[in-house]
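Note that ligands are numbered from 1 as they come in the structure, with each ligand's atoms numbered from 1 the same way. Just the heavy atoms: all of them, side chains too, but no hydrogens, waters or symmetry mates, feed the values below.
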Amino acid sequence: MEIVAQRKDKVVYRDGDKLVKLFDETYSKSDILNEAINQARVAETGLNIPRFREVTVIGGRSAIVMDYIEGKTFSDLFREYPEKIKELLQQFVSIQRDIHSRKHLLLTKYIDKLKMKILGCELDASTRYDFSMRLDAMRRHTHVLHGDFIPSNVILAGDGVPYIVDWSHASQGNATADATKTYLLLHLAGADDFAEEYADEFCRQSQGATTRAYMREWIPLIAAAQLPRASDPARRQMLLKWTEEED
Ligand SMILES: Nc1ncnc2c1ncn2[C@@H]1O[C@H](COP(=O)(O)OP(=O)(O)OP(=O)(O)O)[C@@H](O)[C@H]1O
Ligand SMILES: [Mg+2]
């Protein structure tokens, strides 16, 4: 058994040809089952993702078991090959666009998730209402959205085939919203220059469908929805600042 990642409420480890995500008892059961069903649904779209095996109980704790993918994540690659950052970024964005080209009508609607989180956030009632109205005015789409599309969630297997992991935040909706989410996550991780290069590349590949102005419309809405789960003071500060940005 080899630990792949250790988080505050779960451990991810390799067991032979299997990858096990083992959750703490406190982890919401519905979140675990939702992650598993998202992974099963996304597999039906034909996207290249690790094969789901089972949800099970190990030592009294719930676990999701899937195939282990041998390879390097895009975060490893960006770190190891700084001279190839441009090509890697192009590939990273095109993988995200491939996700967006898929459909699965049973996935949760991103707009509904955003609304629920915005309603539960700490902003004052009139701002929450304003944000909810703005969400209603956004164009409705049904693209598959990853929701946490960051370099550590894409593995390039030994044969050069990319596998996308971590489907806990998957939904369906507007691709520009998903790109904006990635952009904010990169900034939150402190990769400011990279976030800007990423946004430029996403807009370029979208050929006008996504623009920086369109992303700016999404920023306050997506930032507000991140507030309920943000406890780190620096992180909260950034999110609050983004909720105040004018579009
Ligand atoms: N099927 C897999 N095969 C090989 N490695 C995997 C697999 N699934 C996940 N990993 C590795 O384990 C890491 C953690 O898994 P995952 O992203 O699913 O969990 P997470 O706790 O939600 O991570 P994060 O904090 O990045 O959101 C991934 O970044 C990836 O490097
Ligand atoms: Mg992850």
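- Among the atoms of D166, an N, O or S atom falls under 2.8 Å from the Mg ion (ligand 2).
- Classification of D98 and R102 as a salt-bridged pair holds, one side-chain N sitting under 4.0 Å from a carboxylate O.
- E196 and R212 are joined by a salt bridge, as a carboxylate oxygen and a charged side-chain nitrogen come within less than 4.0 angstrom of each other.
- By the 4.5 Å heavy-atom criterion applied to side chains, I85 and E197 are counted as neighbours.
- For the Mg ion (ligand 2), the set of nearby N, O or S atoms under 2.8 Å includes none belonging to S152.
- Of the possible polar contacts, one joining the D124 side chain to the T127 backbone as a donor-acceptor pair under 3.5 Å is found.
- Ranked by closest heavy atom to atom 12 (O) of ligand 1, the top entry among V4, L19, I3, N153 is V4.
- For the residues Q6, R51, R7, the heavy atom positioned nearest atom 26 (O) of ligand 1 is part of R7.
- The closest heavy-atom contact to atom 5 (N) of ligand 1, among the options I155, I164, D166, D148, comes from I155.
- Between S152 and ligand 1, at least one N/O pair is under 3.5 Å apart.
- Among all non-hydrogen protein atoms, the one lying nearest atom 1 (N) of ligand 1 is D67 O, 2.9 Å.
- K21 NZ, 2.7 Å is the protein heavy atom nearest to atom 18 (O) of ligand 1.
- No side-chain heavy atom of L77 sits under 4.5 Å from any side-chain heavy atom of F92.
- Scanning K72, R14, H169, K10 for the heavy atom closest to atom 21 (O) of ligand 1 points to K10.
- Salt bridge status for D112 with K115: absent, with no side-chain N to carboxylate O gap under 4.0 Å.
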